[in-house]
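Computed over heavy atoms, backbone and side chain alike; hydrogens, waters and symmetry mates excluded.
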Amino acid sequence: NVHQALLQRPDLTRLEHAYVLLCLGLDFRHGGFVDRALEAFQQVVQLDPRNRYALVNLQKLHEEQQQWAEAARVRAQIAKLDDGRDEDRQILAFLRNQVGAAEAREGHGTAAAAIYREAIDIDPRTAPAYLNLGDVRAREGKRREAIEVWESLVHTLPERAYLAFERLETAYRESGSPERFVTLCQDLIA
């Protein structure tokens, strides 16, 4: 009520208006009024396009609603404000991976694969994108490409190699060269 009353004051500057709207959006968010919170944060961004707090809250609301493409779009805006910090790349790559997963669930393998590749390009440390891209390739019957993607994960992120082991062991066995798995493990140890 206090924030809504403040918005009625005619002497507020544009920036003050934006900050009161931001507080109102936070009130709505904490109260569970998602649509009203989204609207308030969007109004803040219209008044102050560089308001990182409003953008971060918009992103989080979109994530909570599993609106991954919208969350990624907002994170891209934040990344521009931050001059592409490492944290922004990691979050954006994670969100793009989630967009790819949604595409894959809808049966759009080609689109999903392109989005997973984009996530890897944004941040090569996005392990789920490698796994998911390899899974798409395997479902398409492109075992060799799947193996290449999973091997890429092993070489790029050796500390996360274990995530691909079961997939690689199965793929090597199915391709008639189970010894490649032993060689891969030996190379990691060395």
Side-chain angles (χ1 to χ4, degrees), residues 50 52-190:
R50 298 185 59 80
R52 193 174 193 287
Y53 296 109
L55 289 168
V56 167
N57 278 286
L58 268 175
Q59 175 197 325
K60 289 184 184 302
L61 282 172
H62 287 304
E63 286 178 25
E64 290 167 5
Q65 301 301 307
Q66 296 187 3
Q67 298 168 337
W68 303 114
E70 283 301 309
R73 183 189 58 74
V74 174
R75 179 45 73 167
Q77 286 179 266
I78 295 169
K80 286 180 187 174
L81 292 177
D82 293 346
D83 292 327
R85 291 184 332 192
D86 194 43
E87 175 187 346
D88 290 321
R89 283 193 306 278
Q90 289 174 353
I91 294 170
L92 186 56
F94 167 79
L95 292 171
R96 293 304 295 161
N97 177 70
Q98 294 300 99
V99 172
E103 288 290 332
R105 280 191 299 277
E106 293 293 321
H108 306 133
T110 303
I115 295 168
Y116 293 140
R117 177 58 56 201
E118 180 185 331
I120 292 167
D121 290 342
I122 291 169
D123 185 5
R125 296 168 296 175
T126 310
Y130 291 94
L131 297 172
N132 293 333
L133 178 57
D135 291 346
V136 167
R137 294 298 184 225
R139 278 193 300 275
E140 294 172 338
K142 299 176 182 176
R143 187 180 302 126
R144 186 178 324 137
E145 289 181 32
I147 289 171
E148 288 173 9
V149 172
W150 294 324
E151 285 176 344
S152 183
L153 165 65
V154 169
H155 298 301
T156 305
L157 299 165
E159 69 279 6
R160 300 273 188 251
Y162 67 93
L163 296 170
F165 282 168
E166 187 174 327
R167 289 169 169 93
L168 282 167
E169 184 178 30
T170 300
Y172 289 147
R173 188 174 7 86
E174 289 174 354
S175 66
S177 53
E179 69 283 351
R180 283 183 64 188
F181 183 70
V182 174
T183 304
L184 178 74
C185 291
Q186 289 172 339
D187 289 345
L188 278 175
I189 294 170

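- With rounding to the nearest 0.5 Å, the separation of CD1 in Ile122 from CG in Asp88 is 11.0 Å.
- In plain terms, the two heavy atoms of Arg96 and Ile115 that are nearest each other are O-CG2, 2.9 Å.
- With respect to Glu70 and Arg73, a salt bridge is recorded, a charged nitrogen being found less than 4.0 Å from a carboxylate O.
- Side-chain atoms of Gln186 and Ile189, non-hydrogen and from C-beta on, never get closer than 4.5 Å to each other.
- With hydrogens and angles ignored, the 3.5 Å screen pairs a side-chain donor or acceptor of Thr170 with a backbone N or O of Glu166.
- Side-chain atoms of Trp68 and Gln66, non-hydrogen and from C-beta on, do get closer than 4.5 Å to each other.
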Would Gln59 and Ile91 count as a side-chain contact (heavy atoms from CB on, under 4.5 Å) here? Give the steps. CA-CA 11 Å; Gln59 175 197 325; Ile91 294 170; 3.5 Å; yes
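- The distance from atom NZ of Lys80 to atom CZ of Arg50, rounded to the nearest 0.5 Å, is 11.5 Å.
- Atoms CG and CG, from Asn97 and Asp123 in turn, are 11.0 Å apart once rounded to the nearest 0.5 Å.
- Between Leu95 and His62 the shortest side-chain heavy-atom distance does not fall below 4.5 Å.
- The shortest heavy-atom contact between Leu55 and Val74 is O-CG1, 3.1 Å.
- The minimum heavy-atom distance linking Ala113 with Val136 is given by the pair CB-CG1, 4.1 Å.
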Residues 100-110, side-chain donor-acceptor partners within the protein, below 3.5 Å, at least two apart:
residue : atom : partner : partner atom : Å
Glu103  : OE1  : His108  : ND1          : 2.9

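- Between Thr156 and Pro124, the shortest heavy-atom distance links the atoms CG2-O, 3.7 Å.
- Note that CZ of Arg160 is 9.5 Å distant from CG of Leu153, once rounded to the nearest 0.5 Å.
- Using a 4.5 Å heavy-atom cutoff, the side chains of Val56 and Lys60 are in contact.
- A heavy-atom distance below 4.5 Å is found between the side chains of Arg180 and Ile147.
- Contact record, Leu188 with Ala161: CD1-CB, 3.8 Å, taken as the closest heavy-atom pair.
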Determine, step by step, whether Ile78 and Arg75 satisfy the side-chain contact (heavy atoms from CB on, under 4.5 Å) criterion, reporting the C-alpha distance in whole Å, the side-chain angles of both residues, the deciding distance to 0.1 Å, and the verdict. CA-CA 5 Å; Ile78 295 169; Arg75 179 45 73 167; 3.4 Å; yes
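- When the shell of 6.0 Å around CD of Glu179 is examined, it contains more than 12 heavy atoms from other residues, nucleotides or ligands.
- In terms of heavy-atom proximity, Ala171 sits nearest to Arg143 at O-CD, 3.4 Å.
- Proximity of a side-chain donor or acceptor of Asn57 to a complementary backbone N or O of Tyr53 within less than 3.5 Å is detected.
- Sorted by first then second residue, the ring-ring contact (aromatic ring centres under 6.0 Å, His included) pairs that include residues 118-172, not counting sequence neighbours, are Phe165-Phe181.
- Between Asp86 and Arg125, some side-chain heavy-atom pair lies under the 4.5 Å cut-off.
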Under the side-chain contact (heavy atoms from CB on, under 4.5 Å) criterion, do Val149 and Arg117 qualify, and how do the steps go? CA-CA 10 Å; Val149 172; Arg117 177 58 56 201; 4.1 Å; yes
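- One distance of note links CG of Leu163 with CG of Leu157; it measures 9.0 Å at 0.5 Å rounding.
- To the nearest 0.5 Å, the span separating CZ on Arg52 from CG on Leu81 amounts to 8.0 Å.
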